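In this text the structure is predicted, and so the values were computed from the model without any measurement. Atoms considered below: every heavy atom in the structure, side chains included; atoms not considered: hydrogens, waters and symmetry mates. Naming: A, B, ... by sequence-line order, numbering from 1 per chain.
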Protein chains: 2
Amino acid sequence: LVDCRGLTKVYPLSGVEVHALRGVDLRVERGEMVAVMGPSGSGKSTLMHIIGCMDTQTGGSYLLDGVDVSNVPEKELAAIRNKKLGFVFQRYNLLPRATALYNVELPLFYAGVTGSAAEEKARAALEQVGILHLADHLPNQMSGGQQQRVAIARAVVNDPLLILADEPTGALDTASSAEVMGVFQKMHEERGVTVIIITHEPHIAEFCRRKVTLRDGRIISDQPVANS
Amino acid sequence: LVDCRGLTKVYPLSGVEVHALRGVDLRVERGEMVAVMGPSGSGKSTLMHIIGCMDTQTGGSYLLDGVDVSNVPEKELAAIRNKKLGFVFQRYNLLPRATALYNVELPLFYAGVTGSAAEEKARAALEQVGILHLADHLPNQMSGGQQQRVAIARAVVNDPLLILADEPTGALDTASSAEVMGVFQKMHEERGVTVIIITHEPHIAEFCRRKVTLRDGRIISDQPVANS
Ligand SMILES: Nc1ncnc2c1ncn2[C@@H]1O[C@H](COP(=O)(O)OP(=O)(O)OP(=O)(O)O)[C@@H](O)[C@H]1O
Ligand SMILES: Nc1ncnc2c1ncn2[C@@H]1O[C@H](COP(=O)(O)OP(=O)(O)OP(=O)(O)O)[C@@H](O)[C@H]1O
Ligand SMILES: [Mg+2]
Ligand SMILES: [Mg+2]
């Protein structure tokens, strides 16, 4: 499903170049659940943004479901993202002037689902992560962890093939974290959804069967995890 | 230093009232290092904003260093915040169009420190949290954890009496977290700075001698922690 070969990413920065990825090879098959770990600044979010078609690589190749997305026009890319991907951003990226419900409905509207069908699915997703009672709150009327859960509900509502979650439990206490991981696990086990989770918390990585570790823009280890 | 009695906070929300704090009593003496824990939505950030003079309580009383801050005009309050407090926000709250260096210098400029004296102190603070090499990056040219560390450098640069850190290690890996906690610990032990840290990570709470737990807007436990 995800096939990265020799990926590099260079950010230009007033005369200097920042090499965020220095040659990453990563293949993820359909139905895998993978943890991506590594120090702050090691390139995890950069890699996720390329896999999630939110950014293009500087060098190397990336095939999503067999398609070379670096040649696809933006409009078609947006349709692929909406149809196949569920993305949980590290900074949530919620629309600040829209309610939690509207933020979760948005991917459904884009996919052509409207009216009460969209509202029902969005409410079900909010309930799955324990915040249905906040449906009409705006982001600045919610706590950090509640906003994070709206972002998770939005990522799962449209039944994606692939979920990319960047530190999805960073702002959550143990109980809320377990609830969120349970949602990912359920989608993974019941519907065969492929899940890639960036985390720096070892107990969250435990939910995955495979652990990829980045350092300074390279993969330094890629190991199956024996699950208890 | 911090004396809260019967604090309540009610957020009005289109016809409904959200009771974020339902009567909180909390006294923190000078030189204490306290962890504040509790589930997502339990009122931690709300309490910190009131202690940090960023918001006022609905009911109850709050004295900072013996002064009832709810009666102080905003301009004077801003001066008290700048002089006495170092605040690490849960969402970092960095100026998006300013470099890391400028973001850390800002509290110094406000306090009347300028030119090379301000730049030296700001660079020293960035170095303490391991990101001096990012001094001229803008926030959107840094990773999540790097932005968080800029926010921490900004909170400590002006030698505050009281540091309020809201989930300061949420986006950081183990090594960076240890570095940040080392900075707080050093200020606490060497200069007697009072530190209040909101965290949901038990190993971060271990750095503190006292653990306060919130649930649904109330303190349900307030225990000394036997440190190993
Ligand atoms: N401006 C607001 N308007 C309405 N409700 C609000 C507002 N800000 C916060 N709340 C509500 O108040 C409660 C407490 O929020 P607070 O941010 O203090 O929680 P928290 O303990 O910091 O949670 P987290 O660990 O998720 O950051 C939450 O239920 C939240 O939805
Ligand atoms: N737009 C940009 N311009 C310049 N440098 C950037 C930009 N975005 C990221 N970087 C740099 O690229 C490197 C990798 O960033 P990235 O966000 O992928 O790290 P990360 O592993 O997600 O870190 P964290 O765990 O802190 O979120 C960092 O050193 C960062 O400073
Ligand atoms: Mg990141
Ligand atoms: Mg909070």
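Only the backbone of B/Thr169 comes within less than 4.5 Å of a heavy atom of chain A; no side-chain atom from C-beta onward does. With a 4.5 Å cut-off on non-hydrogen atoms, B/Ser143 touches chain A through its side chain but not through its backbone. With a 4.5 angstrom heavy-atom cutoff, A/Ser176 touches chain B only via side-chain atoms. If you measure heavy-atom distances from A/Leu13 to chain B, the contacts under 4.5 Å come from the side chain alone. Only the side chain of A/Gln141 has a heavy atom closer than 4.5 Å to any heavy atom of chain B. Residue contact with chain B, scored on non-hydrogen atoms closer than 4.5 Å, is absent for A/Ala175. No part of B/Gln148 comes within reach of chain A, as not one of its non-hydrogen atoms sits under 4.5 angstrom from that chain.
In summary, of the residues considered (A/Glu32, A/Gln223, A/Met33), a side-chain contact (heavy atoms from CB on, under 4.5 Å) with A/Arg210 occurs for A/Glu32 alone. In summary, of the residues considered (A/Ile196, A/Val36, A/Ile198), a side-chain contact (heavy atoms from CB on, under 4.5 Å) with A/Leu164 occurs for A/Ile196 alone. Applying the side-chain hydrogen bond (donor to acceptor under 3.5 Å, both in side chains) test between B/Lys9 and each of B/Thr56, B/Thr46, B/Asp55 identifies B/Asp55 as the sole match.
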Would you check, one step at a time, whether the test salt bridge (charged side-chain N to carboxylate O under 4.0 Å, His left out) holds for A/Arg123 with A/Glu119? CA-CA 6 Å; A/Arg123 284 186 185 277; A/Glu119 183 168 340; 3.0 Å; yes
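Between the side chain of B/Gln128 and the backbone N or O of B/Ala153 there is no donor-acceptor pair closer than 3.5 Å. Side-chain N or O atoms of B/Asn103 include none that pairs as donor or acceptor with a backbone N or O of B/Ala151 at under 3.5 Å. B/Asp173 places a side-chain N or O within donor-acceptor distance of the main-chain N or O of A/Ser40, the cut-off being under 3.5 Å. Although no hydrogens or angles enter the test, the distance criterion places no donor-acceptor pair under 3.5 Å between the side chain of B/Arg154 and the main chain of B/Leu106. Panel note: side chain B/Thr199, backbone B/Ile204; no donor-acceptor pair is recorded below 3.5 Å.
The stretch residues 16-28 of chain A places A/Val18 near chain B, each with some heavy atom under 4.5 Å from a heavy atom of that chain.
Surrounding CG of B/Asp136 are more than 12 heavy atoms belonging to other residues, nucleotides or ligands, all under 6.0 Å away.
Listed options A/Met37, A/Arg149, A/Lys44 were ranked by heavy-atom pairs under 4.5 angstrom with chain B; first place goes to A/Arg149. Interface remark: of the candidates A/Leu138, A/Leu172, A/Leu134, A/Leu172 forms the most heavy-atom pairs closer than 4.5 Å to chain B. Looking only at heavy-atom pairs under 4.5 Å with chain B, the residue among A/Ser42, A/Pro39, A/Gly130, A/Pro202 that has the most is A/Pro39.
What you find for B/Tyr62 and B/Ile51 is that their closest heavy atoms are OH-O, 2.6 Å.
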